[in-house]
Structure formats: C-alpha cells, structure tokens
Number of protein chains: 2
Amino acid sequence: MTTVLICDDHRIVREGLRSFVQGVPGVERVETAASGEEVLARYPHERPDLVLMDVRMPGLGGLEATRRLVASHPDAKVIMLTAADDREQIAAAVTHGARGYLLKDVSHEELCAAVAHALDGADLVEPSLRRALLQREPSRSAPPAAALTERELQVLTGMSQGKSNGQIGRELYLSEDTVKTHARRLFRKLGVNDRAQAVALGFRRGLVT
Amino acid sequence: MTTVLICDDHRIVREGLRSFVQGVPGVERVETAASGEEVLARYPHERPDLVLMDVRMPGLGGLEATRRLVASHPDAKVIMLTAADDREQIAAAVTHGARGYLLKDVSHEELCAAVAHALDGADLVEPSLRRALLQREPSRSAPPAAALTERELQVLTGMSQGKSNGQIGRELYLSEDTVKTHARRLFRKLGVNDRAQAVALGFRRGLVT
DNA sequence: CACGACGTCACCCGGACGGGCGAACGGCGC
DNA sequence: GCGCCGTTCGCCCGTCCGGGTGACGTCGTG
C-alpha cells in the first residue's frame, strides 16, 4: 500500500497536488494535512511512503517540520515544495533533511517523475534547480544553517509581529532578559545582528508568515 | 460560452484551481495564464467572463495587473486570491478593482459559490474574511494606506536587507540623519514604530522581497 | 555519572534607534 | 505668487536593543 502525504495550508494547493499525484503509477493512497504539526502527529500512525511538504506555512514551517520529522523518523522521505527558485531555501531544505525539492511551478510530468523516483528511494533534485545550485560559488563551505529551537522560533515570530522584547516576554511568561538571550542565540544561528535582519530572513526562509 | 481565466505563477495552483472551477455549473471553458502580463495580453481577445488572479506573482503583481485590467476593461470581473487572511491585502485588492477575494484555503463549495455569484454579476467577499473585516473596530475610518515615496521605498528595502541607517545613507549618498527622516515618515505611513515591524509589513504587502 | 543542549534569569555597557522639532531647497499645480 | 510635497540635513534626548559574560536548573544521551 503506497501512500503519499501532502502537506500545505492552502486547500487549493493540496487539491492541485492531489490531482497531480493521484496519476502517478504506483501511488495507491493520497492523504492531505494542513499543517506541519498535523504531519508530525499523523506520521507515526499512517507511515506514508512519501511526504510532500510546503516550505511556507504558518506555525511550524515546512523546514522545521521536516527537521523534526526526520529527527524522529530518519527513514522518512520528504520532498519540499518551494514557491521561488531560492538557493537559500533549497539549501535550507536539504540541510533540514528533505530528500528533494520541487518548484510549485513544476509540470505534471516533472512531479510524477520526482514522486516516482523518491518512492524508489532515490534522493532527487529538480533539474532546473540543480542547475541554479551548481552555478553558485563553491567557495563558501556553507554555514550549517543551525535549526532554531521552539523558543527561538516563538521569539522570532514575536519579532516578525513587531513586538518588543518586553512584550514577547510578557506573552510567553518570560523575563525580558530571557527573551534577549533567545534573541541573541537566534541571531547567531541565523547569522544576523539585529531583529530587522532576522525578520527578513525569517520571511525569506518561510519560518514566519 | 462562459469562460474563466485563472492566473497564477505556480502550475500546481493553476491546476488545483482548474479542477475546482471545472466542476462549477455553467462554466464551459477554463483557461490559465502564468502571469499578470499574460492576462493583460490575452484578455482583449478571449474576453473571459471571470478572472481568478493570485495577488502574489513575480513581475506584475496581482494588484497592479487588476488595476490595469479594470482600467482598460471596466466590465472585467476579477476575483483576487490571497494567501493570508490579511485585511490590508484585501482592502488593497478591492481598491484596485477586484470584485471579490478568496482565501487560498477555501473549500470546494465556497469557491464554487463564489464563482457562480461572480458570474451572476454580484460583487462578493469570502464569508470568513467578511467576518474578519466586520470584527475590526469601526472607529478608525481606514487610514488611506498612504503610498510610500521612491526614497522611502529605497530606505525600506535597505532595512529589509538588514542595513543600518548609516549604511543605507552611504549607499544612497545621503546623510544618516536624512535616512532617519525617511524612516520616521515611512513608519508613520505604515503605522509601525520600528524597523522590524516595517520589514515585516513590507514583506506581507509585497513591497520588498 | 558526566556532558551537552536547552531554557531561564541577571548584570553591565555602548551604540543604534525612534521621536520631536526646526529648516531649507526645488518642483509642481493652481 | 503661494502652497504643497518630496527631499535633504541638523540637533537633542530617552530608550530599547545587542553583545559579553556568568549562573543555575532540567532534560536526554552517551
């Protein structure tokens, strides 16, 4: 029983993907989830053979959801769906444990091929994106793109809503000093040095919405 | 011959929408376009009865495309598709000439109903969004969403790239004090009080990328 | 058990930021 | 000509922010 689990917060995208994936030979069941949290909750029971996950989602983003899923289920196969041909996002997707990534603009054939290959167990990359990746300078050995912790993500979310450290602290029942500690740490991880940069990067990577 | 034209840069979304819309009684032909430019080019020849347009698209955004389309074809019916339940975006959609707006998370039934009503000639709003709009305080009679000037947009862009006021000033050949003046003004216009909020709003409104 | 990662809190300090205010110039429209 | 707007620049001041450092507790892993 070959099952594919689709995760996206937009019903339209879920249905679009479903109609695409249902045509793939070998796929017998297609399930859908509307959030990263839902995937984490359902995966242990349903054990889909492949997860198609959108990067950009409210709450747990696709990246973080994938990281956690792969951490607890190392054999999980995740293909990340990215809206834009953004090297940052793709690199992030791979470092977070995704087996592959697809542009939301893929053709029916490309998606079929990708799903089929992934079900075969092969890691894969979308051809046009592979080219984009290969074009990049091989110099910088890639900062490991450290994953944010739960708290750090909460603080970043607060920042993206324009809240001050004090406000974030009150909402999370923390002291302002603690929020500042989390802020410092997430700045380090993201490689930025102020909240504006952090917010911008958060949006670009789909950590916040 | 009732025709609906779907416009979105992601094939998956286009196909998802197509599968939704094709089920609507009365719709005989469903066309798709991948950009706002394509819609403007094809509309005069194909004269679709309804256009479903995504707000977030590279190049000509959905808002600008709608504005131009309605300017040249005042009888054009456009339903805007928004990803997030964002009052700002919806208000913008309406002021740009859209007859209605839908969340990308609509159910099949909601979309069918919306399309059917729009084809009937009625202006419409998505129920869950209407509620969100009605919940807002009726006190503030809507700040006209003042447009940013060229300079202000440049400063905001710099902010979204994590630059300090001094850096922005050096790049634009301005004094830091001048940058701060533009910053203060764009904060006022956007209704925020620090750069992090401004960056977040910039991303949400698509002012920066 | 010891170690590391995470979370919580605290202190100090310098600098960047944000707000209020004033001022001057050029262009545009009436 | 007058007024409005956008742009440019300056000053003051309070404050929040960001960096450094230290500390303590709790987990889970090795």
Side-chain angles (χ1 to χ4, degrees), chain A residues 40 44 60 63-65 67-74 95-97 143-202 207-208, chain B residues 143-202 207:
Chain A
L40 293 180
L60 218 55
L63 293 176
E64 184 59 18
R67 196 184 63 76
R68 297 196 190 180
L69 181 61
V70 173
S72 52
H73 304 278
T95 57
H96 279 73
L148 298 187
T149 67
E150 180 67 19
R151 272 298 193 221
E152 287 161 355
L153 198 56
Q154 288 172 349
V155 171
L156 178 59
T157 301
M159 285 182 182
S160 75
Q161 290 160 359
K163 299 188 176 103
S164 71
N165 291 333
Q167 282 173 34
I168 297 172
R170 281 189 292 279
E171 291 186 7
L172 298 178
Y173 303 104
L174 298 176
S175 87
E176 180 174 346
D177 280 317
T178 302
V179 175
K180 288 174 72 173
T181 300
H182 290 307
R184 277 196 297 272
R185 285 215 261 262
L186 79 87
F187 288 169
R188 280 220 158 293
K189 287 187 181 178
L190 296 180
V192 302
N193 31 42
D194 64 53
R195 57 211 298 112
Q197 292 181 51
V199 168
L201 203 59
L207 300 174
V208 296
Chain B
L148 299 187
T149 67
E150 181 66 19
R151 273 299 194 216
E152 288 161 354
L153 197 55
Q154 289 170 350
V155 171
L156 178 59
T157 301
M159 285 181 181
S160 75
Q161 290 160 359
K163 300 190 176 103
S164 71
N165 292 333
Q167 283 173 34
I168 297 171
R170 281 189 293 279
E171 292 186 6
L172 299 178
Y173 303 103
L174 298 177
S175 88
E176 180 174 347
D177 279 318
T178 302
V179 176
K180 288 174 72 172
T181 299
H182 290 307
R184 278 195 297 270
R185 283 217 261 266
L186 79 88
F187 287 169
R188 280 219 159 294
K189 288 187 180 177
L190 297 180
V192 302
N193 25 12
D194 63 55
R195 57 211 297 114
Q197 292 181 53
V199 168
L201 203 60
L207 301 174

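Just so you know, these numbers come straight off a predicted model, no measurement behind them.
Nearest approach of M159(A) to A183(A), heavy atoms of both residues: CE-CB, 3.5 Å. Of all heavy-atom pairs spanning L201(A) and L190(A), the tightest one is CD2-O, 3.5 Å.
Rounded to whole Å, atom P of dC9(D) lies 14 Å from atom CZ of R170(B). Counting to the nearest Å, the C1' atom of dT8(D) and the CD atom of E150(B) are 16 Å from each other. Between R188(A) atom CZ and dG18(D) atom C1' the separation is 11 Å, expressed in whole Å. Rounded to whole Å, the distance from CG on L186(B) to C1' on dG18(C) is 12 Å.
Partners of R185(B) under the side chain to side chain donor-acceptor pair (under 3.5 Å) rule, at least two apart in sequence or in another chain, do not exist in this structure. Residues satisfying the side chain to side chain donor-acceptor pair (under 3.5 Å) criterion with T181(A), sequence neighbours excluded, are R184(A). Residues satisfying the side chain to side chain donor-acceptor pair (under 3.5 Å) criterion with Q161(B), sequence neighbours excluded, are K163(B). Residues meeting the side chain to side chain contact (heavy atoms under 4.5 Å, CB included) test with T178(B), sequence neighbours left out: L174(B), S175(B), H182(B).
The backbone N or O of I168(A) lies less than 3.5 Å from no partner atom in the side chain of E171(A), so there is not a single donor-acceptor pair.
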Seminar exercise, completed: In B/S/- notation (B base, S sugar-phosphate only, - none; protein heavy atoms under 4.0 Å), nucleotides 25-30 of chain D written 5' to 3' is ------
Seminar exercise, completed: Its contact letters, B for base, S for sugar-phosphate only and - for none at protein heavy atoms under 4.0 Å, make nucleotides 8-17 of chain C read BBBB-----S
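Under the 4.0 Å criterion applied to side-chain N and carboxylate O atoms, R188(B) and E152(B) are not assigned as salt-bridge partners.
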